[in-house]
Amino acid sequence: MLKMSNNLAENLFIITAPSGAGKTTLIKNVIEFAKTKDKKVFMSVSHTTRTPRSSELDGTDYFFINKEQFMFNINDQVYLEHAIVHGNLYGTPKQPIEQNLENGFKVLLEIDWQGAMEILKTYPEAQSIFISPPSIKELHKRLHDRGLDSEEVIVERIDGAKLEMEKSSEFKYQIINDSLETALKNLLNIIFREKHG
Ligand code: 5GP
């Protein structure tokens, strides 16, 4: 259990979206914005047992660890939450989150809906944000166009997305990523609680 006070949890932003909804680009833009405006934002880096993709860096995108280490960490209460997503283990390390909140940072978590629900049970004050693609048809197009997955995996991801989107009403904020510009403005308004156009 995290030691942090309820007030601090208000600066914890849980961002969930089906793959292909555009959350990675949105989050990258939030980090850029924070840098240029000198705002204190920390992006949590999860642990996973998934194999790294060719573009991914250990310690930046994820900490890539094996199942044995992951199980050891679960036992050691390293994680604020952990879940199996698409057959791999993912976990949110607790200590960096706690430390960054205490140091006055806004902390962003990019995790799936199961993890989001888990954290909200412990910290109902945390801010939960669900990002949806404009439609399933558009999601299919985006997953296809980015060329990372086979058609079989795309179908699997779309089925997963449909299920995830049913959970969106459980989130405090919903953003539809139709236009990147509008979605980004909405996200910045939520995180920094000021109007950004
Ligand atoms: P990917 O493997 O495509 O990067 O991520 C697959 C899914 O796992 C995404 O929905 C992502 O948000 C989720 N995910 C990433 N890290 C965590 C985590 O620490 N906990 C949970 N519950 N989900 C995570």
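Just so you know, ligand 1 is whichever comes first in the structure, and atom 1 is the first atom listed for that ligand.
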How long is the span from the CG atom in L57 to the CZ atom in F64, to the nearest 0.5 Å?
8.5 Å

Hey, does T92 come in under 3.5 Å of ligand 1, counting only N/O atoms on both sides?
yes

Any side-chain heavy atom of I111 within less than 4.5 Å of one from I119?
yes

Quick one: look at R50 and ligand 1, take heavy-atom pairs under 4.0 Å, and tell me if it's side chain, backbone, both or neither.
side chain

Top protein contact for atom 1 (P) of ligand 1, by heavy-atom distance
Y62 OH, 3.4 Å

For R53, the atoms of ligand 1 under 4.0 Å from one of its heavy atoms are 1 (P), 2 (O), 3 (O), 4 (O)

Quick one: nearest non-hydrogen protein atom to atom 22 (N) of ligand 1, plus distance?
D112 OD1, 2.7 Å

Restricting to pairs with a member in residues 132-143, which pass side chain to side chain donor-acceptor pair (under 3.5 Å), not counting sequence neighbours?
E138-R142, H140-E151, K141-D145

Could you list which atoms of ligand 1 come closer than 4.0 Å to a heavy atom of G115?
22 (N)

Any carboxylate oxygen within less than 4.0 angstrom of a Lys/Arg side-chain nitrogen, looking at E56 and R53?
yes

Inspect the contact between K167 and E164 and indicate whether a charged nitrogen and a carboxylate oxygen are less than 4.0 angstrom apart.
no

For atom 11 (C) of ligand 1, find the nearest protein heavy atom and state the residue, atom name and distance (0.1 Å precision).
E110 OE2, 3.7 Å

Which one holds for E118 and ligand 1: side chain close, backbone close, both close, or neither close, with close meaning a heavy atom under 4.0 Å?
neither

For atom 6 (C) of ligand 1, find the nearest protein heavy atom and state the residue, atom name and distance (0.1 Å precision).
Y90 OH, 3.6 Å

Which atoms of ligand 1 are found less than 4.0 Å from any heavy atom of A83?
22 (N)

Quick note on ligand 1: atoms under 4.0 Å from a heavy atom of K23 include exactly 9 (C), 10 (O), 12 (O)

Quick one: nearest non-hydrogen protein atom to atom 16 (N) of ligand 1, plus distance?
S46 OG, 3.2 Å

I'd like to know whether ligand 1 has G91 as a neighbour, heavy-atom separation below 4.0 Å.
yes

Can you name the closest pair of heavy atoms from S19 and R146 and give their distance?
CB-NH2, 4.0 Å

One residue to check: M117. Relative to ligand 1, which of side chain, backbone, both or neither has a non-hydrogen atom less than 4.0 Å away?
neither

Atom 7 (C) of ligand 1: the protein heavy-atom neighbour that sits closest, reported with distance to 0.1 Å
V85 CG1, 3.6 Å

I need the nearest protein heavy-atom contact for atom 20 (N) of ligand 1: residue, atom name and distance, please.
E81 OE2, 2.7 Å

H47 versus F70, closest heavy-atom pair with distance
O-CE1, 3.8 Å

I would like to know whether V107 and F13 meet side-chain contact (heavy atoms from CB on, under 4.5 Å); could you show each step before the answer?
CA-CA 6 Å; V107 173; F13 296 86; over 6 Å; no

Would you mind telling me which of Y173, W113, F171 makes a ring-ring contact (aromatic ring centres under 6.0 Å, His included) with F130?
F171

Residue I84 excluded, over 12 heavy atoms near CD1 under 6.0 Å:
no

